[in-house]
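Below is one structure, written out as C-alpha cells, with a few remarks after it.
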Amino acid sequence: MNWDTFLSTEQRQDYYRVLQRRLASEMSAGRIIYPPESERFAAFEHTPLGATKVVIIGQDPYHGENQAHGLSFSVKPGQKIPPSLRNIYKELANEYADWQQPQHGNLECWAKQGVLLLNSVLSVEQAKPNAHAKWGWEQFTDAAIATIDQHCEGVIFLLWGSHAQKKGLNINNQRHHVLSAPHPSPLSAHRGFFGCDHFIAANALLTQQGRTPINWQV
C-alpha cells in the first residue's frame with residue numbers, strides 16, 4: 001500500500017466525486033479556495049506512507065492569501081508565523097535548550113523526515129475558516145488515518161485539542177502511540193500544551209524502535 005493507491009481508491013468513491021464537483025462549482029462561481037489545487041495533497045507527497053513516523057493533525061487550512069500550502073500548521077516562506085505555530089515553537093524552545101527560533105513557518109523539513117502534517121479538511125474558502133467542513137474531507141482524512149493504522153507500525157500520533165483527539169479515536173494503541181494535549185492555540189496552550197514534552201517523547205519512542213529521531217529544528 002502507498003498513498004497513490006490510497007488516493008486512487010478514494011477518488012473513485014461517490015462522496016469524493018460529490019466533494020470535487022462542489023469545489024469545482026465554487027471555483028467556477030469565482031470563490032477563492034486555499035491551498036491551490038496543486039498543493040492540496042502536499043502532506044502525502046512530502047511524507048510517503050511507508051516513511052511515516054509521526055502524525056500531527058490540524059483542523060483546516062489557513063484562509064489567508066499565500067498562507068496554506070497543504071501541510072497542517074505550516075505556512076509558505078515569507079508569511080507571518082501564525083499564533084498556534086508560534087506556540088509550537090515556544091514549546092520546542094522549552095523542550096530543547098539548543099533549539100533556535102526560526103524566522104519563518106515552513107515545516108516542509110519535518111514532512112520530509114516522516115512527519116505527516118495532515119489537516120482534517122484539505123480546503124477552505126478565502127477569509128472563511130471551516131467553510132468546507134462537512135463537505136466530505138473528513139471521510140477522506142479518516143480513511144487516511146485508518147490506512148496508517150492498518151499498514152504502518154509504531155507511528156506516533158500527536159493529537160492536540162479535542163478535534164484532533166476525536167479524529168484519532170480509532171487508532172490501535174497496541175500498534176501505535178497516541179500522545180494527547182490541548183491545542184497550541186493562544187486560547188488553550190496554557191492549559192497543558194506548554195510543558196507537554198511531546199517532541200522529546202516522540203523522539204524517545206522512535207529511538208526505542210531503532211528509528212532515526214526527528215530533527216525538530218526548522
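Positions are given from 1, in the same order as the sequence printed here.
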Inset, instruction - Classify the angle between the aromatic ring planes of Phe6 and Phe140 as parallel (below 30°), tilted (30 to 60°) or perpendicular (above 60°). - result: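 Rings of Phe6 and Phe140: tilted, as their planes differ by 30° to 60°.
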Inset, instruction - If the plane angle is over 60° it's perpendicular, under 30° parallel, otherwise tilted; pick one for Trp216 and Phe199. - result: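 Ring orientation of Trp216 relative to Phe199: perpendicular.
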Legend entry - With sequence neighbours excluded, residues passing side chain to side chain contact (heavy atoms under 4.5 Å, CB included) with Arg211: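 Side chain to side chain contact (heavy atoms under 4.5 Å, CB included) list for Arg211, sorted by chain: Lys53, Leu206, Gln209.
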Can you pull out every salt bridge (charged side-chain N to carboxylate O under 4.0 Å, His left out) where at least one residue sits in [range]? Sequence neighbours excluded, please.
| range | value |
| --- | --- |
| residues 7-19 | none |
| residues 61-84 | Glu39-Lys76 |
| residues 161-175 | Asp142-Lys167, Glu153-Arg175 |

Legend entry - Gap between atom CD1 of Ile56 and atom OG of Ser74 - 0.5 Å precision: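 CD1 of Ile56 is found 10.5 Å from OG of Ser74.
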Legend entry - Side chains of Ser84 and Asn87, donor plus acceptor under 3.5 Å: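 No, Asn87 and Ser84 have no side-chain donor paired with an acceptor closer than 3.5 Å.
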Legend entry - Modelled atom types, side-chain donor and acceptor of Tyr89 and Gln101, under 3.5 Å: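 The answer is no; no qualifying pair exists.
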Inset, instruction - State which residues pass side-chain hydrogen bond (donor to acceptor under 3.5 Å, both in side chains) with Tyr62; sequence neighbours excluded, sorted by chain then number. - result: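 Applying side-chain hydrogen bond (donor to acceptor under 3.5 Å, both in side chains) to Tyr62 gives none.
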Answer whether the closest heavy-atom distance between the side chains of [X] and [Y] falls below 4.5 Å.
| X | Y | value |
| --- | --- | --- |
| Lys134 | Val121 | no |
| Pro184 | Phe73 | yes |
| His104 | Val75 | no |

Legend entry - Verdict with reasoning, His176 to Cys152, per side chain to side chain contact (heavy atoms under 4.5 Å, CB included): CA-CA 8 Å; His176 305 287; Cys152 301; 4.2 Å; yes
Legend entry - ring-ring contact (aromatic ring centres under 6.0 Å, His included) partners of Trp135, counting only residues at least two apart: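 If we apply the ring-ring contact (aromatic ring centres under 6.0 Å, His included) test to Trp135, skipping adjacent residues, the hits are His132.
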Legend entry - Leu107 versus Leu71, closest heavy-atom pair with distance: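 Taking Leu107 first and Leu71 second, the nearest heavy atoms are C-CD1, 4.4 Å.
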Inset, instruction - Establish whether Leu49 and Leu122 are linked, either directly or via other cluster members, by ILVMFWY side-chain heavy-atom contacts under 4.5 Å. - result: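 Yes, it is one cluster - the side chains of Leu49 and Leu122 are joined through contacts under 4.5 Å.
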Inset, instruction - Would you indicate whether Asn173, at its atom CG, is surrounded by more than 12 heavy atoms from other residues, nucleotides or ligands within a distance under 6.0 Å? - result: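 Yes, the 6.0 Å shell around CG holds more than 12 heavy atoms from other groups.
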